[in-house]
Amino acid sequence: MPNAVSKCFRSLLSPFQSIFVVSPSISHIHTHSFYVTHTHELVDSLHVFFQRCLTLHQARQLHSQLLLTAAHRVPFLAASLIAAYSRFGFLSDARKVFAAIPVEGLHHLLLWNSIIRANVSHGYHQHALQLYLEMRNLGILPDGFTLPLIIRACSSLAVSGLCRIVHCHALQLGFRNHLHVVNELVGMYGKHGRMEDARQLFDGMSVRSLVSWNTMVSGYAFNCDSLGASAIFKRMELEGLQPNSVTWTSLLSSHARCGLYDETVELFKLMRTRTRIIDISAEALAVMLPVCATVFQVDWGKEIHGLVVKGGYEDYLFVKNALIGTYGKHQNLGDAQRVFLDIKNKSLVSWNALISAYAEAGLCEEAYATFLQMEKSCTDGQSPVRPNVISWSAVIGGFASKGLGEKSLELFRQMQLSKVMANCVTISCVLSVCAELAALNVGRELHGYAIRNLVGDNILVGNGLINMYMKCGNFNEGHIVFDSIKGRDLISWNSLIGGYGMHGLGENALRSFDEMIRAGMKPDNITFVAILSACSHAGLVAAGRNIFYQMARKFSIEPNVEHYACMVDLLGRAGLLKEATDIVRNMPIEPNEYIWGALLNSCRMYRDVNIAEETASQILTLKSKITGSIMLLSHIYAANGRWDDFARVRVSARTKGLKKVPGQSWIEVRKKVYMFSAGNSVHLSLDEVYVILEELALHMASENYNL
């Protein structure tokens with residue numbers, strides 16, 4: 001190719017070469033003469049070369065030939081070069097070509113359109129607007145190609161003032177009825193959430209294309225307005241226009257984004273009935289795959305995969321990424337991995353989809369192994385993709401969900417050392433780990449980190465901070481964060497109530513609950529679990545009983561098994577074992593191991609062997625893998641000298657293969673978290689710990705506290 005291109009190019013330019021080889025003093029005259037006389041003849045020939053230019057090397061060859069003949073200063077040839085470099089992703093080369101144009105050549109609008117398009121297509125919207133201002137300062141007016149590019153740049157920058165200015169420019173320059181310009185304006189207002197302005201522009205259009213209608217439907221979809229999207233769709237059909245695949249995809253997206261998954265599935269079925277007219281696009285299938293994942297329709301996911309194969313979209317990267325996510329949500333991890341391995345050029349989204357699939361399935365080791373493989377591919381130069389904040393957040397969250405908080409904190413430290421900035425999701429996740437480990441100092445560090453990175457006001461971070469401070473027993477700071485949140489949601493209130501409850505501050509929890517009701521917030525299931533648990537820990541029987549019976553009558557929430565467990569625990573702790581037993585007998589749902597366990601624990605506290613006996617028969621019939629209640633029952637038998645029953649329960653547990661998870665506790669000393677577990681005597685400072693424990697035991701004994 002190189003030699004062939006050079007020879008062909010030289011032969012093509014030979015008739016014109018003498019025009020460009022001129023003295024500097026007359027270069028402008030001859031260039032202008034060339035432009036007037038030979039533009040059409042040369043551009044038609046050169047257009048073939050630029051179209052056949054398939055690599056950056058070939059583009060640079062053509063550029064060098066133009067430099068030898070000074071033809072690179074001709075505006076339309078320079079514009080072609082800019083477009084070629086932009087196509088290959090080398091914006092810096094495109095900018096150099098533009099910068100080399102003499103001042104007199106800058107009065108050609110074609111050049112400005114080319115360089116502005118190059119910047120917009122590569123996401124440099126601010127630079128595109130600066131170029132537009134320079135162009136206007138030179139007295140050059142935009143045309144129907146310039147303004148859509150500038151409007152697109154304004155849309156991406158999301159600066160409403162700029163949008164209004166460009167809109168005014170379009171009106172002043174007579175583009176009020178220009179189809180492409182108005183379409184872009186409609187899209188711009190849609191992206192900024194100003195659908196009323198978009199609708200006003202749309203209704204005022206004298207001529208509308210299919211793009212106009214699709215832009216409106218997409219605007220409503222972007223703003224999660226399924227009703228608006230449906231209304232435009234119906235109006236479009238009433239006016240005799242046939243929706244295409246883009247229209248249908250936007251309509252599906254509008255419903256999916258609103259969480260209307262059943263309606264989305266029905267729309268997709270309707271779309272399929274029209275497949276003779278409308279091809280199902282890859283984009284539509286990519287919209288449907290997450291819907292199938294969310295509503296857990298495994299068969300639908302398989303069917304969509306079949307349509308992907310049938311439509312020939314198997315090599316579409318965004319479709320394969322969606323397939324990984326869908327199979328991951330259904331925990332079909334073998335299928336997810338097969339789709340992943342089938343991708344030749346894996347993107348960051350591909351890696352993150354598989355990592356997230358493993359993490360959400362609780363396979364945190366597999367998620368971390370995939371993460372390390374991604375890192376290694378980048379380090380070895382096999383792939384330009386390196387882990388980003390989503391990758392890190394997925395593995396950190398995976399370990400956190402499995403109760404491996406120390407590993408999560410370790411990974412978070414590594415993430416910071418890797419210079420990857422944490423986002424709100426990461427910070428919230430690590431704050432939940434700090435709350436579980438009672439790592440107050442680490443939590444405070446994260447609070448400072450959030451403030452420094454200007455995400456301290458984020459509701460996700462704020463709720464995480466409330467939860468962390470309250471669980472760590474720092475109520476003052478927890479309430480300060482709570483008071484600072486402007487748009488408190490239900491999670492904010494639940495975190496506050498739950499925090500007070502777990503520390504036995506039932507009165508505080510009740511006051512917060514009443515404040516929440518007065519603030520107009522409607523409690524949910526989690527709220528009632530938190531407040532009933534708070535009453536249980538504080539011994540507030542009357543208040544807890546009243547709230548429990550108000551759930552259905554006042555708040556229209558039917559108690560579930562967790563609420564019944566809280567009530568049984570509340571009454572049992574207070575010694576009201578008969579009332580607790582009556583609730584268990586009369587509850588409309590089947591009691592589980594937690595309810596029987598709460599009742600059994602109350603029997604242990606008050607040495608009620610009769611109710612314990614009845615409870616035991618229920619526990620032994622359960623097929624639960626949770627051993628706490630069974631071990632508790634064996635201890636009650638042992639405490640009452642019933643060794644045969646003790647042995648029978650132990651043998652039953654052993655036969656079922658049940659093992660009790662050792663109890664664990666944590667303490668933070670000098671910014672380091674130490675974990676202690678029952679039966680584990682391997683600890684560097686164990687002797688010192690036992691000395692302190694003995695001192696505490698003596699002190700408790702002196703206070704007549706029965707151990």
Side-chain angles (χ1 to χ4, degrees), residues 1-2 4-6 8-10 12-13 16 20 31-32 34-36 38-136 138 140-156 178 180-181 183-184 211:
M1 174 70 181
V5 169
S6 300
C8 290
F9 197 89
R10 279 196 294 271
L12 177 65
L13 283 180
F16 310 105
F20 294 103
T31 301
H32 181 70
F34 171 84
Y35 181 76
V36 173
H38 301 288
T39 294
H40 295 295
E41 185 178 348
L42 186 59
V43 76
D44 290 341
S45 302
L46 288 177
H47 181 70
V48 177
F49 283 96
F50 283 112
Q51 288 296 105
R52 290 181 181 176
C53 193
L54 302 176
T55 65
L56 177 65
H57 179 68
Q58 292 170 4
R60 284 183 169 153
Q61 263 200 304
L62 292 174
H63 190 181
S64 65
Q65 294 297 326
L66 291 176
L67 286 170
L68 289 173
T69 57
H72 67 290
R73 296 186 177 186
V74 178
F76 68 85
L77 292 179
S80 298
L81 262 177
I82 290 169
Y85 279 130
S86 175
R87 190 169 73 249
F88 293 120
F90 282 77
L91 186 60
S92 58
D93 291 73
R95 287 175 175 172
K96 287 175 184 176
V97 172
F98 181 78
I101 305 298
V103 176
E104 58 271 17
L106 291 176
H107 288 276
H108 292 277
L109 183 58
L110 181 64
L111 266 174
W112 291 97
N113 285 348
S114 185
I115 191 64
I116 289 172
R117 181 178 291 105
N119 280 276
V120 170
S121 63
H122 285 84
Y124 291 91
H125 304 110
Q126 187 71 47
H127 195 77
L129 289 175
Q130 290 172 354
L131 287 166
Y132 177 69
L133 291 175
E134 289 176 28
M135 185 187 92
R136 293 301 304 270
L138 287 174
I140 303 169
L141 297 177
D143 62 5
F145 295 99
T146 321
L147 282 173
L149 292 168
I150 297 303
I151 294 167
R152 209 171 301 159
C154 291
S155 298
S156 300
H178 192 285
H180 301 308
V181 172
N183 282 345
E184 286 292 340
V211 174

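- When atom types are taken as modelled, the side chain of His127 and the backbone of His125 share no donor-acceptor pair closer than 3.5 angstrom.
- Annotation: side chain of Asn119 is in contact with side chain of Arg95 (closest heavy-atom distance under 4.5 Å).
- You'll find the ring centres of Trp112 and Phe98 inside the 6.0 Å limit.
- Here the straight-line distance linking atom CG of Asn183 with atom NE2 of His178 works out to 10.0 Å at 0.5 Å rounding.
- Residue Ser114 comes nearest to Ala79 through the heavy atom pair OG-O, 3.0 Å, listed as atom of the first residue, atom of the second, then distance.
- At most 12 non-hydrogen atoms from other residues, nucleotides or ligands lie less than 6.0 angstrom from NE2 of His180.
- A side-chain donor-acceptor contact under 3.5 Å links Ser155 to the backbone of Ile151.
- A distance of 6.5 Å separates CG of Leu149 from CG of Asn113, quoted to the nearest 0.5 Å.
- Counting heavy atoms from C-beta outward, Met135 and Leu109 have side chains that approach closer than 4.5 Å.
- Taking 4.5 Å as the limit, every side-chain heavy atom of Ile115 sits out of range of all side-chain heavy atoms of Leu111.
- Of all the heavy atoms in Val120 and Ala153, the pair that sits closest is CG2-CB, 4.3 Å.
- Interatomic distance, Leu131 CG to Thr146 OG1, rounded to the nearest 0.5 Å: 11.5 Å.
- Between the CD1 atom of Ile82 and the CG atom of Asp93 there is a distance of 11.0 Å, given to the nearest 0.5 Å.
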